Amino acid sequence: FFSKMAVDSVANQFVTLISSDGHEFIISRKCAMEAGTIKSMLSGPGQFVENEKNEIAFREISSNILERVCAYIYYKVRYTNAQTEILEFPIPPPLSLELLMAASFLDI
């Protein structure tokens, strides 16, 4: 059996991002901290309820946009300071404007 402290330690390595339509995306805390807004919510001054629950609900970001945001965050972490060829991150044209607004809000 695992101790409560061990379980809490593993749970703190991940963050759940919840879209406006209720879909949950579980991503690594390290990757989530790449977004300035999320970083502020999880580690900024004062106690945000998001930090205690490791959950952040985005009332204005739909699941199809939040899914692409999560994929981009992992892409950014993977290719930052990469010594290999950096593949282009695909952005479907119909999502461009919404992705731009979400990226601006999230400070990515």
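Being a predicted model, the structure only gives us computed values, none of them experimental.
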Minimum-distance pair of heavy atoms, taken over all atoms of [X] and [Y]:
X	Y	value
A102	I61	CB-CD1, 4.2 Å
R29	L42	NH2-O, 3.5 Å
R59	S20	O-CB, 3.1 Å
L66	S19	CD2-N, 3.7 Å
I65	L95	CD1-CD2, 4.0 Å
I38	F58	CG1-CZ, 4.0 Å

*Spell out, as yes or no, whether a donor-acceptor pair under 3.5 Å connects the side chain of S43 to the backbone of K39.*
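Yes: the side chain of S43 pairs with the backbone of K39.
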
*Taking the side chain from Y79 and the backbone from Y74, do they hold a donor-acceptor pair closer than 3.5 Å?*
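No; zero donor-acceptor contacts below 3.5 Å.
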
Gap between atom [atom2] of [Y] and atom [atom1] of [X] - 0.5 Å precision:
X	Y	atom1	atom2	result
I56	K53	CD1	NZ	11.5 Å
N54	T16	CG	OG1	7.5 Å
E98	L100	CD	CG	11.0 Å
I26	C70	CD1	SG	10.5 Å
M101	S96	CE	OG	11.5 Å
S62	E67	OG	CD	10.0 Å

*asked:* I86 vs T84, test: side-chain contact (heavy atoms from CB on, under 4.5 Å). Steps then yes/no.
replied: CA-CA 6 Å; I86 299 173; T84 60; 5.8 Å; no

*Look at the aromatic rings of F89 and Y72 and report parallel, tilted or perpendicular, splitting at 30° and 60°.*
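The rings of F89 and Y72 stand perpendicular, inter-plane angle above 60°.
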
*Does the side-chain contact (heavy atoms from CB on, under 4.5 Å) test come out yes or no for T80 and Y75, once each step is laid out?*
CA-CA 8 Å; T80 297; Y75 168 89; over 6 Å; no

*So if you build clusters from Ile, Leu, Val, Met, Phe, Trp, Tyr with side-chain heavy-atom gaps below 4.5 Å, do I27 and I18 land together?*
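No, it is not one cluster - the side chains of I27 and I18 are not joined through contacts under 4.5 Å.
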
*Would you please say whether a donor-acceptor pair under 3.5 Å links the side chains of D21 and S63?*
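There is such a pair (donor and acceptor under 3.5 Å, judged by atom type) between the side chains of D21 and S63.
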
*asked:* Please determine whether side-chain contact (heavy atoms from CB on, under 4.5 Å) holds for the pair V77 and K30, giving the CA-CA distance in whole Å, both sets of side-chain angles, and the decisive distance to 0.1 Å.
replied: CA-CA 9 Å; V77 168; K30 176 187 174 232; 3.9 Å; yes

